[in-house]
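Heavy-atom basis, side chains included; hydrogens, waters and symmetry copies ignored. We count residues from 1, following the sequence as given.
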Amino acid sequence: MADRVFLGTGMKFPPQVNPATGRFACVSGKESVQESVYLIIMTQKTERYMRPEFGSNAAGYVFSRMDATMRSLIAHELERDILSAEPRVGQVQIRLDGESSPGCLFVSIDYVVRGENVRENMVFPFYLGEGNTGGE
């Protein structure tokens, strides 16, 4: 019960209706935190009118050359954005893999949910511009 109070309960994203109750589906606990991290990455900064600082600038790097410097910059910015927008997580580590699949940057996000000693992980495929082959 303490886990639910601390981590909270909110509407599932994307919004879904529970067919049994006819109400919006809700998430709580670690799933709520994971969806929040996903929303931070997918929301462009200034997209939310009342919270212009919420989100990340990940979409702004779609057509950038993915050299080591750019990957380091993206990892640093994503870590900062997640830590500033999601108070329920700590010890965020971002790893970027642009070598596995041409035209795709895999973003691996490791984080610890505060109040627990369990490390969570999510991998996010970020598709780059069509003409970009990466390279160093």
Side-chain angles (χ1 to χ4, degrees):
M1 184 65 177
D3 179 52
R4 178 175 256 189
V5 171
F6 173 69
L7 297 178
T9 299
M11 191 170 80
K12 185 159 183 58
F13 185 82
Q16 300 172 4
V17 175
N18 184 334
T21 63
R23 296 181 178 185
F24 283 111
C26 293
V27 293
S28 60
K30 294 177 193 174
E31 188 179 0
S32 175
V33 174
Q34 185 175 14
E35 286 189 3
S36 177
V37 170
Y38 177 79
L39 282 173
I40 292 166
I41 295 169
M42 292 302 296
T43 303
Q44 184 70 20
K45 283 193 177 192
T46 70
E47 185 176 337
R48 290 192 176 181
Y49 182 71
M50 299 301 283
R51 289 192 61 197
E53 75 286 349
F54 181 85
S56 73
N57 288 321
Y61 296 109
V62 169
F63 295 107
S64 299
R65 182 174 180 81
M66 282 300 132
D67 58 7
T69 303
M70 186 58 70
R71 288 194 301 266
S72 178
L73 174 68
I74 293 170
H76 176 72
E77 282 191 13
L78 287 176
E79 179 181 339
R80 183 195 62 214
D81 293 338
I82 290 168
L83 286 172
S84 67
E86 181 50 76
R88 299 174 292 180
V89 301
Q91 300 178 16
V92 175
Q93 294 177 342
I94 309 285
R95 288 185 314 281
L96 303 173
D97 176 14
E99 308 299 324
S100 298
S101 179
C104 185
L105 180 68
F106 289 100
V107 180
S108 177
I109 305 166
D110 292 320
Y111 58 90
V112 174
V113 177
R114 294 189 196 274
E116 299 183 7
N117 286 331
V118 178
R119 184 166 286 281
E120 298 291 323
N121 181 304
M122 74 185 284
V123 177
F124 181 81
F126 185 70
Y127 297 101
L128 303 171
E130 192 174 86
N132 190 350
T133 60
E136 309 256 353

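Atoms CD and OH, on Glu79 and Tyr111 in that order, are 14.5 Å from each other to the nearest 0.5 Å. In this structure, the separation between CD on Gln34 and CG on Asn121 is 9.0 Å, given to the nearest 0.5 Å. Between the CD1 atom of Ile109 and the CE atom of Met122 there is a distance of 5.0 Å, given to the nearest 0.5 Å. Between the CD atom in Glu35 and the CE atom in Met42 there is a gap of 13.5 Å [rounded to 0.5 Å]. Leu78 contributes atom CG, which lies 9.0 Å from atom CG of Asn57 (distance to the nearest 0.5 angstrom).
Under the salt bridge (Lys or Arg N to Asp or Glu O under 4.0 Å) criterion, Glu77 pairs with no residue at all, not counting sequence neighbours. Taking the side-chain hydrogen bond (donor to acceptor under 3.5 Å, both in side chains) definition, one finds that Ser56 meets it with nothing, sequence neighbours left out. Looking at residues two or more places apart in sequence or on another chain, you find a salt bridge (Lys or Arg N to Asp or Glu O under 4.0 Å) between Asp110 and Arg95. Every residue two or more places apart in sequence or in another chain that forms a side-chain hydrogen bond (donor to acceptor under 3.5 Å, both in side chains) with Glu31 is listed here: Lys12. Legend: residues meeting side chain to side chain contact (heavy atoms under 4.5 Å, CB included) with Cys26, ordered by chain and number and at least two apart, are Thr9. Considering only residues two or more places apart in sequence or on other chains, Arg119 meets the side-chain hydrogen bond (donor to acceptor under 3.5 Å, both in side chains) condition with Gln91. Every residue was checked against the side-chain hydrogen bond (donor to acceptor under 3.5 Å, both in side chains) condition with Thr43, not counting sequence neighbours, and none meets it.
Both Val62 and Leu96 sit in one connected hydrophobic cluster of ILVMFWY residues. Membership requires side-chain heavy atoms under 4.5 Å apart, directly or through other members. Put simply, Ile41 and Leu73 are part of the same group of oily side chains (I, L, V, M, F, W, Y) that touch within less than 4.5 Å, one to the next. Transitive grouping of hydrophobic side chains (ILVMFWY, heavy atoms separated by less than 4.5 Å) keeps Ile40 and Val27 in distinct clusters.
The stretch residues 18-53 participates, sequence neighbours left out, in these ring-ring contact (aromatic ring centres under 6.0 Å, His included) pairs: Tyr38-Phe124. Sorted by first and then second residue, the pairs that involve residues 36-56 and meet salt bridge (Lys or Arg N to Asp or Glu O under 4.0 Å), not counting sequence neighbours, are Lys45-Asp81, Arg51-Glu53.
Taking 4.5 Å as the limit, some side-chain heavy atom of Ile94 sits within range of a side-chain heavy atom of Ile82. In this structure, Val107 and Ile74 have side chains that are not in contact, with every pair of non-hydrogen atoms separated by 4.5 Å or more.
Hydrophobic cluster membership for Phe106: Val123 (Ile, Leu, Val, Met, Phe, Trp, Tyr linked by side-chain heavy atoms under 4.5 Å, directly or transitively).
Looking only at distances, a side-chain donor or acceptor of Arg71 sits under 3.5 Å from a matching main-chain atom of Met66. Between the side chain of Glu86 and the backbone N or O of Val37 there is no donor-acceptor pair closer than 3.5 Å.
Taking both residues in full, the closest heavy atoms of Phe54 and Leu39 are given as CE2-O, 4.1 Å, listed atom of the first, atom of the second, then distance. In terms of heavy-atom proximity, Ser64 sits nearest to Met70 at CB-CE, 4.2 Å. The minimum heavy-atom distance between Gln44 and Ala59, with the atom names listed, is OE1-CB, 3.2 Å.
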